[in-house]
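The block underneath contains the structure these notes are about, expressed in structure tokens.
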Amino acid sequence: MLELTATDPLIKTYLKDLQHLKNHSVTHELGLKGPFQNLLDKAAKMRGWTLVPELSTYSGGKRVVPDGTVRDEFRLARGWWEAKDTSDKLASEIQKKIKAGYPTRNTIFEDTQVAVLYQDRGEAGEFALNEPVKIAALMNRFFSHDESDEREFERAMDEFNRLPGGSEPRAFHRQRRRDADPASAYRAADAEPIPEPRIHNAERNRTAGT
């Protein structure tokens with residue numbers, strides 16, 4: 001769990017870098033996205049996770065490319081980030097992205113002025129990006145999100161790790177393959193080995209007597 005405060009150096013650096021760009025009249029998305037990307041990247045590392053820029057993924061059957069994807073230590077996507085121009089109407093841009101198939105399980109949409117957090121496929125809050133307290137709250141909530149599927153996965157992994165011996169579960173290998181190649185989720189399921197038929201004792205004795 002991440003526990004940033006309003007006085008954290010990460011937040012101070014973000015505000016300083018953003019103001020520096022604005023002092024140079026930078027207003028377009030590509031010019032302004034750097035400070036927030038750095039903030040997410042450093043916060044992710046504190047959590048033990050990784051920010052991957054411009055990683056394509058499949059969501060709702062559609063291929064999308066968010067500005068950033070946060071992955072955990074198992075390379076599972078835990079959240080997404082999408083930046084917009086300050087001249088855009090953020091609310092309408094968010095709706096466009098959602099209709100285009102962008103994930104909303106745990107996603108930050110921001111325009112350097114306001115960030116809107118979506119969690120569990122619904123709006124979870126709006127955060128002013130010029131207020132350190134709000135920025136800290138956004139980061140903590142984003143990095144603390146824990147969806148039921150992910151909780152179940154971690155529970156299963158914890159139980160597996162307590163077992164003596166053994167190898168990684170097959171489901172974990174499949175998830176890593178899907179994560180590396182999302183399109184594989186839409187291909188045929190992995191073939192399972194066909195179990196040998198079990199022969200009951202009565203059947204075995206009858207066969208032996210013939």
Side-chain angles (χ1 to χ4, degrees), residues 2 4 10-11 14-15 17-18 21-22 26-45 47 49-72 74-131 134-150 175 178-186:
L2 192 68
L4 292 182
L10 291 186
I11 295 176
Y14 163 71
L15 291 171
D17 291 347
L18 185 60
L21 291 173
K22 289 184 176 180
V26 178
T27 59
H28 59 286
E29 176 187 330
L30 290 178
L32 290 175
K33 67 191 298 184
F36 199 88
Q37 180 173 327
N38 291 336
L39 174 63
L40 270 182
D41 178 61
K42 292 175 182 177
K45 289 175 180 176
R47 182 72 169 80
W49 296 353
T50 302
L51 174 68
V52 184
E54 306 292 339
L55 179 68
S56 65
T57 186
Y58 283 84
S59 178
K62 300 178 181 179
R63 181 180 178 274
V64 295
V65 187
D67 286 314
T69 300
V70 175
R71 286 175 162 182
D72 64 15
F74 301 114
R75 297 180 62 198
L76 295 175
R78 289 302 190 103
W80 295 267
W81 157 58
E82 182 65 18
K84 303 308 301 177
D85 286 336
T86 55
S87 59
D88 294 332
K89 291 183 178 180
L90 186 58
S92 60
E93 290 298 318
I94 290 173
Q95 293 307 311
K96 288 179 183 178
K97 291 297 182 180
I98 293 175
K99 289 180 181 178
Y102 275 63
T104 52
R105 285 196 294 118
N106 187 32
T107 305
I108 296 173
F109 298 94
E110 56 88 17
D111 63 0
T112 75
Q113 297 176 346
V114 175
V116 179
L117 177 65
Y118 272 71
Q119 289 183 328
D120 302 319
R121 298 163 182 82
E123 186 174 330
E126 186 174 302
F127 304 81
L129 293 180
N130 61 348
E131 299 181 25
K134 298 292 186 180
I135 299 171
L138 170 65
M139 291 292 102
N140 292 337
R141 189 161 180 179
F142 177 77
F143 284 100
S144 299
H145 180 257
D146 193 11
E147 196 175 70
S148 58
D149 288 347
E150 293 158 351
Q175 178 60 49
R178 284 196 295 269
D179 196 52
D181 178 17
S184 65
Y186 298 91

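We count residues from 1, following the sequence as given. The figures that follow rest on heavy atoms only: side chains count, while hydrogens, waters and symmetry mates do not.
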Does the side chain to side chain contact (heavy atoms under 4.5 Å, CB included) test come out yes or no for R78 and D146, once each step is laid out?
-> CA-CA 8 Å; R78 289 302 190 103; D146 193 11; 4.1 Å; yes

Tell me, please, which residues at least two apart from N130 pass side chain to side chain contact (heavy atoms under 4.5 Å, CB included).
->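 Partners of N130 by the side chain to side chain contact (heavy atoms under 4.5 Å, CB included) criterion, ordered by chain and then number, come out as A128.
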
D85: partners by side chain to side chain contact (heavy atoms under 4.5 Å, CB included), with sequence neighbours left out = H28, E29, S87, D88

Atom pair NZ/CG of K42 and L4 - distance to nearest 0.5 Å |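 The CG atom of L4 is 12.0 Å from NZ of K42, to the nearest 0.5 Å.
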
In Å and rounded to the nearest 0.5 Å, what is the CZ to CG distance from R141 to N106?
->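 R141 CZ to N106 CG: 9.5 Å, rounded to 0.5 Å.
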
Could you pull out all residues at least two apart from K45 that satisfy salt bridge (Lys or Arg N to Asp or Glu O under 4.0 Å)?
->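 Checked K45 against salt bridge (Lys or Arg N to Asp or Glu O under 4.0 Å); matches are D41.
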
Sequence-distant partners of E126, salt bridge (Lys or Arg N to Asp or Glu O under 4.0 Å), two or more places apart | none

Tell me, please, which residues at least two apart from W81 pass ring-ring contact (aromatic ring centres under 6.0 Å, His included).
-> F36

Presence of salt bridge, K33 and E54, under 4.0 angstrom |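 A salt bridge is present here (some side-chain N lies under 4.0 Å from a carboxylate O).
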
Minimal non-hydrogen separation, [X] against [Y], with atom names:
X    : Y    : result
A115 : I108 : CB-CG2, 4.1 Å
D67  : A83  : OD2-N, 2.7 Å
S56  : R63  : CB-NH2, 3.6 Å
E82  : V65  : OE1-O, 4.2 Å

Between K62 and K99, is there a donor-acceptor pair closer than 3.5 Å when you use the side chain of the first and the backbone of the second?
-> yes

Donor-acceptor contact below 3.5 Å, side chain E110 vs main chain T112 |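 Answer holds: yes.
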
Side chains of [X] and [Y], heavy atoms from C-beta outward: is any pair under 4.5 Å?
X    : Y    : result
D120 : H145 : yes
R105 : W80  : yes
I94  : V116 : yes
L129 : Q113 : no
L15  : I135 : yes
V70  : F142 : yes
T107 : P66  : no
V64  : P103 : yes

How about K22: does its NZ atom have over 12 heavy atoms from other parts shown lying under 6.0 Å from it?
-> yes

Begin with the C-alpha distance, continue with both residues' side-chain angles, and end with the deciding distance and a verdict on side chain to side chain contact (heavy atoms under 4.5 Å, CB included) for L40 and W49.
-> CA-CA 10 Å; L40 270 182; W49 296 353; over 6 Å; no

Check against side chain to side chain contact (heavy atoms under 4.5 Å, CB included), R71 and L55 | CA-CA 11 Å; R71 286 175 162 182; L55 179 68; 3.6 Å; yes

Contact list for residues 91-131, test ring pair (Phe, Tyr, Trp, His ring centres under 6.0 Å), sequence neighbours left out |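 Every ring pair (Phe, Tyr, Trp, His ring centres under 6.0 Å) pair that includes a residue of residues 91-131, provided the two are not neighbours, is F109-Y118.
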
From the options V26, L32, L39, N38, select the one residue that forms a side-chain contact (heavy atoms from CB on, under 4.5 Å) with L18.
-> L32

